[in-house]
Each structure stands twice: as C-alpha cells, then as structure tokens.
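Below, chain A is the first sequence line, B the second, and so on; all start at residue 1.
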Protein chains: 2
Amino acid sequence: MRNMNSTDTSSRGEQTRHALIDAALKVFGQAGFDAASTRSISKAANVNQALIGYHFGGKRGLYLAVFGHILSQITEHMAPVIVTVSDRVEGFSEDVEMRRQEALEVLIVAFNGLIEMFGRADSAAWVRLIVREQQDPTDAFEILYEGMMGRMMNMMTMLVSLASDLPEDSEACRVRTHMLVGQVLLFHIARGTTSRHLSWSGLSPDNINTLKEQFRLSVEAQFAPGAAFQ
Amino acid sequence: MRNMNSTDTSSRGEQTRHALIDAALKVFGQAGFDAASTRSISKAANVNQALIGYHFGGKRGLYLAVFGHILSQITEHMAPVIVTVSDRVEGFSEDVEMRRQEALEVLIVAFNGLIEMFGRADSAAWVRLIVREQQDPTDAFEILYEGMMGRMMNMMTMLVSLASDLPEDSEACRVRTHMLVGQVLLFHIARGTTSRHLSWSGLSPDNINTLKEQFRLSVEAQFAPGAAFQ
DNA sequence: CATTATTAATCAAACGATTAACTTAGTCAA
DNA sequence: TTGACTAAGTTAATCGTTTGATTAATAATG
C-alpha cells in the first residue's frame, strides 16, 4: 500500500509528506511524542489524518522521518564548518606551541558554528526533540548520533587534543570536550533556568553574540599556555 | 486499639500518598507526564487507581506533588552546602587577591555539592523530570525554581563575582555562571551523547570523581590570576 | 485505465475521571 | 468494655473521550 516515490520530488504525495513532517516537527517539539496526537498533526498540516498511516506507516514512522529531516538540516549547516576545520587542520604548523594556538582558533570557529546553528530561530523546535531523545535514546536518536553528532563530537575531541597536551583517546580529553559542549548547550536546553537567571526570553542575535564572546574568553583561559592541563 | 497516634504522619492515607508519589516519581520520570498513565502509576504503587483522584485531585495534582517531593530532596541535600558557603563567605579576607582565591575554593566546594547531588543513584528519575520541565516550564517548574534553584544560581553567581573581577549583576557574570553549570549538568542531561562519547553507562562513583577532578582543573584555569576575565 | 493519493467513517483499546457501595479506624455515650 | 456513630479511606465498575489504526469508497494523475 505505502510507497516512497523518490523520482517525483514535487509530486502530490511529496508535498503531503513535506507538509506532515513540517507540522510534525512543530507539534512533536511542542508537546513531545506521546502528547502529540496524529489528529493535531494532520490538522496543522491541513491534511487528512489517515495519510500519516499511508505515507509513513504510522505515528512512529512519522516521528522517525522528522529526525531524518532534522539530520539533513544539521548536516546542511555543519558541513561547511567541518570542511573549514578539516582544511585548516591539514595546514597546522609543525611547531607544538604554534599548533596549539592554531588548534585553539579552529576550536573556537567550530564551536561558534555550533552556537549559531542552535541559535537559529527555527532550531528551537528540534532542539526540544533532541533533548527529549537524549534522556532515553531510541532509534530516533540513533539516526542523529550515527549521522552527525558522533562525528562532530570526535572532531571537537581532536581539536581539544591538539589545543592541549591531552591524548585524543584519553578520558580526560573526552570529558573536557564534553564540558565545552555543555557550556554552550545548556543555554538551549535549560531554557527555564536561562530565561529566569539571565532575563533572556528566547535567544536573540545579541544573546548569541554574548554567548560566543564569553565562550571564547572561557576557552582561551582554559587553554592558555600556563593552564594546568593534564 | 488506641496505639495509632491521631496526629501521626504514617496514617493509612499518608502511607498511600507516599507510595503514590514514590511510584509516580519513577513512572513520570521514565515516560514523561503524558505517556505515564494513572493506571500504571497506581499499579506500581500497589494502590487503587481512584485514590489518585481522592488524594491529589487528579493526575496533574499528583504530578505537582511529585515536584514538591523533589524540592524537599534537593533542599535536604543542598542545605548543608549553602550553610558552608555562607559561613565561609563571611570570613573572607579583605585583601582582593586572597579573597579571589578563597572564593574560588568555595566555588569548587559548591559545585562539588551539585555534582554529588545529581550523581546520586536515586536522582536519575527526577533529573529527567526537571529536564522535561525546563523545555517549557509550567507550575511544576515554578515550584523548583522559586523553592531552590533560583537561590542556588544566585549563590553561584555571587561566588563567580568574588572569584573574578566581574560585577555580580553584570550579564557577563551571569552568563559565565550559567556556563559553569552547563559544564557539570550536561553529563546528566545528555545521557545519550555522554554514554556514547565517553562509553559511560550511567554515572558510577568513579565517573563522578573524574567529573569533579576535571571540573576543578577547568575552573582553576578559568579563574587563574592571569586569565582574561571580561 | 491503472497507479497513486485522498477522504470520511469506523474500529477496538486506553485514557482520566467519577460514582456508589464498602471497609477501616477513631470518638464517645452508656 | 461495649457498640452505635462518624469521618476517612478504599474498592470495583463505569462514564464519556480521545487515541492510533484501518477500512472501503472516491478522486486525481499521467
């Protein structure tokens, strides 16, 4: 019964699928998987409820399709960042101290890409979905991690290793990388506390700039030549 | 037949309420508010389903009661930490440099308290609930923030201010404080990524110690006398 | 004219809430 | 000590809704 036509990208069915994924992204993000009803999603997409079953096999199938969409969004945004990082890493100096400084710069570039991606207005919906999946990951999270997030974490870890004296595969290096990610992501994850403690409503471009600036100061201090990094 | 005290805290009803809150904490934490059914909660509590309505007015009332319970747990754990901090702050030196060093030490003590609290085995259930509430806070989150979390954030901000040159009410100071919290909390919030990137399953006492150690190194570098703070 | 897509209607299951009957426990007059 | 009386607590059953899924009939497409 169900059929995924991949040649007609703007066929009738394709439009419906797109409308459903778009609406589902918002409704799932707002309410979570269980609280979101297929009826509210189909209504938001201006589409008959039975079409969810027809095109995606069911509610769960639509949910997974949403994560496929998120993955493509993230990939699209981070691809140029990854290319930039790869290019610059190849040209790193032989000198240890110079290379540390270069790696530090690239590390900040990479994290700025992360901050900007999560700062985009339309990312708010899928940040919620990702956070929910983090709690007890399912197949949906697997799509993201295998597709992109794992790669990004490894890239960040490599840069941290180059910018410090920590071996790339050491636990300390991975923990410190994780902490850097935490410094950035909590502003998006813990909106409840963020909005109250900082009196920020949402994350304006100004707020994003403040974030990038303070993160840079923090990282430069942590990776300063004299810093006790072991 | 007059053994039972009339002002007792372990009357029949009180036992039922406790059993329900205990079970609800687990089920709500596991599945979230919507996916958790009153039937599954009452079954886990070995109690009739109608008693949720009788004792708490309904599902939502039980949910709020669970957050009241969480608040008391957090308060219980953090109270001694807050006392310690308050005491030591009062005895801080007049000398600026010495005070910075003292504040840094106390800051680490305070954060270690935070790390230990979230590291407790039984905290996993309510960490999930808090994270869920962070996304779009309701009355339930208000209970936590007004009751404890706001106070703690302000305390941390004060310590950051004393350990740096940042004014306590400056945006930079609050942002940096928030980043420190993020360094610690992401390990509990983003379990999906944590477990994959670090090959940690759950958070063992060893992992907690690693966390404290690496956090201390990070903070000492960030607050080193030479660090460019602001 | 056959494939693809859409529609309204309907299904059984699960949901939160509520009811009325029933049990337990503490109070107090006799 | 007893036993009727009352309030608090508990129980099984049922209420009306909403849920995700599925059906058969219809429409659009190329």
| query | Hey, are B:Q214 and B:T210 close enough side-chain-wise for a donor-acceptor pair under 3.5 Å? | reply | no
| Does the pair B:K26 and B:V66 meet the rule for a side chain to side chain contact (heavy atoms under 4.5 Å, CB included), with working shown? | CA-CA 10 Å; B:K26 286 168 189 155; B:V66 166; over 6 Å; no
| message | Taking side chain to side chain contact (heavy atoms under 4.5 Å, CB included) as the criterion, tell me which of B:I130, B:T194, B:L203, B:V131 meets it with B:H188. | response | B:L203
| Separation of D:dA21 C1' from A:Y63 OH (nearest whole Å) | 20 Å
| note | Between CZ of A:R17 and C1' of C:dT6 the distance, given in whole Å, is 13 Å
| Are B:H77 and B:S123 linked by a side-chain donor-acceptor pair shorter than 3.5 Å? | no
| note | Residues in residues 51-61 of chain B with a heavy atom under 4.0 Å of DNA chain C, by number, are B:G58, B:K59
| Check: B:Y145/B:E133 side-chain N/O donor and acceptor closer than 3.5 Å | no
| field | Spacing between B:R12 atom CZ and D:dA8 atom C1', to the nearest angstrom | value | 7 Å
| request: Scan side-chain atoms only and decide if A:D87 and A:T84 contain a donor-acceptor pair under the 3.5 Å cut-off. | output: no
| task | Could you walk me through whether B:L71 and B:E146 pass the side chain to side chain contact (heavy atoms under 4.5 Å, CB included) test, one step at a time? | result | CA-CA 10 Å; B:L71 173 60; B:E146 297 301 328; over 6 Å; no
| field | B:S11 side chain near D:dA8 phosphate (N/O to OP1/OP2, under 4.0 Å) | value | no
| note | note: B:Q15, atom CD; D:dA8, atom P; distance rounded to Å ~ 18 Å
| Can you tell me how far P of C:dT6 sits from CG of A:N46, to the nearest Å? | 13 Å
| Does A:R216 count as lying over the ring of A:F111, i.e. NZ or CZ under 6.0 Å from the six-ring centre, within 45 degrees of the axis? | no
| field | Interatomic distance, B:N48 CG vs C:dA17 P [rounded to whole Å] | value | 14 Å
| request: Within residues 19-28 of chain A, find the residues that approach DNA chain C with a heavy atom at under 4.0 Å, and present them sorted by residue number. | output: none
| message | Is it the case that the side chains of A:T157 and B:H197 hold a donor-acceptor pair, with the cut-off being a distance below 3.5 Å and no angle test? | response | yes
| request: Using the closest heavy atom to pick a nucleotide of DNA chain C for each, name whichever of A:T16 or A:Q49 lands nearer the 5' end. | output: A:T16
| said: Between B:R176 and B:Q222, do the side chains contain a donor N or O and an acceptor N or O under 3.5 Å apart? | reply: yes
| request: Name every residue in residues 34-43 of chain A that has at least one heavy atom under 4.0 Å from any atom of DNA chain D, in order of residue number, or write none if there are no such residues. | output: A:A36, A:S37, A:T38, A:R39
| query | Quick one: B:E14 CD to D:dG9 P, roughly how many Å, whole number? | reply | 9 Å
| request: Validate the cation-pi geometry between A:R128 and A:F28: distance from NZ or CZ to the six-membered ring centre under 6.0 Å, angle to the ring axis within 45°. | output: no
